[in-house]
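We name chains A, B, ... by the order of the sequence lines, and we start the count at 1 in each one.
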There are 2 protein chains.
Amino acid sequence: MKNIRDLISHCPLFAGLPEDQLDSVRDIIIEKEYGKGETIFSEGDNGIGFYLVSQGMVKIYKVSFEGKEHILHIFGPGEVFGEVPVFTGKVYPANSEAIKKSRLLFLSREAFISLITKNPSISLNMLAILSMRLRQFAAQIESLSLKEVPGRLASYLILLSEEQQNSASVTLSISKGQLASLLGTIPETMSRILSKMSSMNLIEVNGRDIRLFDMDGLQDLAESGKL
Amino acid sequence: MKNIRDLISHCPLFAGLPEDQLDSVRDIIIEKEYGKGETIFSEGDNGIGFYLVSQGMVKIYKVSFEGKEHILHIFGPGEVFGEVPVFTGKVYPANSEAIKKSRLLFLSREAFISLITKNPSISLNMLAILSMRLRQFAAQIESLSLKEVPGRLASYLILLSEEQQNSASVTLSISKGQLASLLGTIPETMSRILSKMSSMNLIEVNGRDIRLFDMDGLQDLAESGKL
DNA sequence: TAAATGCCTTGACTTAGATCAGGGCATGGT
DNA sequence: ACCATGCCCTGATCTAAGTCAAGGCATTTA
């Protein structure tokens, strides 16, 4: 399939590999389909391999004692997840579920280890990716512990506006409730803060479209964390 | 130095390397000393290499807008830190400081990359280390966002008791104030929760020694997050 | 011995944000 | 057209934990 090949060569994990190596990666891949709401793996499962999102979207989440769910990550096309236990030889530390109909590429542990042993440059790329993710996590921890919710939201919006080309207006790819969970809060609080920020003319909310009026104000908010 | 050689062969990063390779690792290492409170690197510095703790203890931390500090990590002998910019090609995402007199081994970026290219097993070790760190971060984020402070403390104590052999009593390797920062709170709150847990006969505190009376109670607390 | 410094504790107060409860408004199925 | 479901908003109340302020003990330094 041309699609798969394309995806592999564009995902940061394998980007820049020579043709033959890309082929060898493709050879160990197994394609899988998941419906919306379908579980991919559960906390405690053995780490038999990791995944690359081809189409759709998956969430990685934990469930607390009371059954409250907290989303750690949301992955879309081109992103890799579930690789953590593959190297440590342990179990998956969180749950994973498709949040829309998804096509995933699966790389088994054994196949990958033999591949990496033959091609050290693949491992260098992987190290870079893990390091990037570590940076993101550090930022998230900083956010959670050093900033209050409005500050986290402002950071998130600024990040979004940098990712999407349009700097003055962004579109959420997830629901506001999910965003709340991602920022470590609850839908009610999210709603209140969005309307507060609207009334201060920082932003304008229209469903999932958010217009950013005052980037400087948002930047201040993201840094100081105070509304 | 025999010490260095010994350390290299025992640290997880170089575990399983043949003798001659260990020598070549030793040759590219630079030894550095840091006094208590001395800065090792700051957020935003260029990362020209990474460190391995030989003796002492270092903290990795972030500082908020108002100057509030949050410790992300504390590393002791045998552990690796500061590797993120080596692979991402970017700057350090956090600050680092010795919290006691420390001896560190420094590995430059180029030297390590050439080493890793020749020796795939090192890169697998590194992948495992980064994966585990990622997992720790995920746990930390989970803790911060869905548990309250008593729950985080209980989790920490249980983890400690698993690490240290003695399951009924643990010894903090850091000050209570530093522990507070690591758990995303402040010394006052830490103090209050410790005394509350003491009065509930869950634990008994004696300076840095903490006796764990009721493991089941602590486990509940860690899961439910509620005191 | 006295003073200073670092680390911890305690109390009174304040506040961000969680919880609880209710209602609005789409969409889709029957 | 109707009701169900999912998603979002709003208000009233409650609480965990942060802030501010003060003091207690050690250990170090003069």
Measure from CG on A:Leu221 to P on C:dA16 and round the result to the nearest Å. 13 Å
Below 4.0 Å: OP1/OP2 of C:dC7 and any side-chain N or O of B:Ser175: no
Specify the closest pair of heavy atoms between A:Gly177 and A:Pro187, including all atoms of both residues, with the distance to one decimal. CA-CG, 4.2 Å
Option from A:Lys147, A:Glu223, A:Gln219, A:Gln140 for which side chain to side chain donor-acceptor pair (under 3.5 Å) with A:Ser155 holds: A:Lys147
If you measure from CG on B:Leu105 to CD on B:Gln55, what distance do you get to the nearest 0.5 Å? 9.5 Å
Keeping A:Lys176 on the side-chain end and A:Gly207 on the backbone end, is there a donor-acceptor pair under 3.5 Å? yes
A:Glu188 atom CD is separated from C:dA18 atom P, nearest whole Å, by 9 Å
Just how far, in rounded Å, is P of C:dA16 from NZ of A:Lys147? 18 Å
Using every non-hydrogen atom in the two residues, find where B:Ile74 and B:Ile174 come nearest and quote the distance to one decimal. CD1-CG2, 3.4 Å
A:Arg208 CZ to C:dC25 P: how many Å, rounded? 20 Å
May I have the distance from B:Leu172 (atom CG) to C:dC7 (atom P), rounded to whole angstrom? 14 Å
Less than 4.0 angstrom from a charged side-chain N to a carboxylate O is my criterion; do A:Arg133 and A:Glu83 meet it? yes
Side-chain contact check for B:Ser191: nearest option of C:dT9, C:dA16, C:dA18 is C:dT9
Taking the minimum atom-to-atom distance to the side chain of B:Arg192, which one of C:dT9, C:dT19, C:dT10 wins? C:dT10
Between the side chains of B:Glu79 and B:His73, is a donor N or O closer than 3.5 angstrom to an acceptor N or O? no
Within this structure, what is the CD1-to-C1' distance between B:Ile193 and C:dG11, rounded to whole angstrom? 16 Å
Could you state the atom-to-atom distance from CD of B:Glu148 to C1' of C:dG17 in whole Å? 11 Å
For a 4.0 angstrom threshold against heavy atoms of chain A, report the outermost contacting nucleotides of DNA chain D in 5' to 3' order. D:dC8 to D:dA12
Please report the distance, rounded to the nearest Å, between CD in B:Gln178 and P in C:dC7. 8 Å
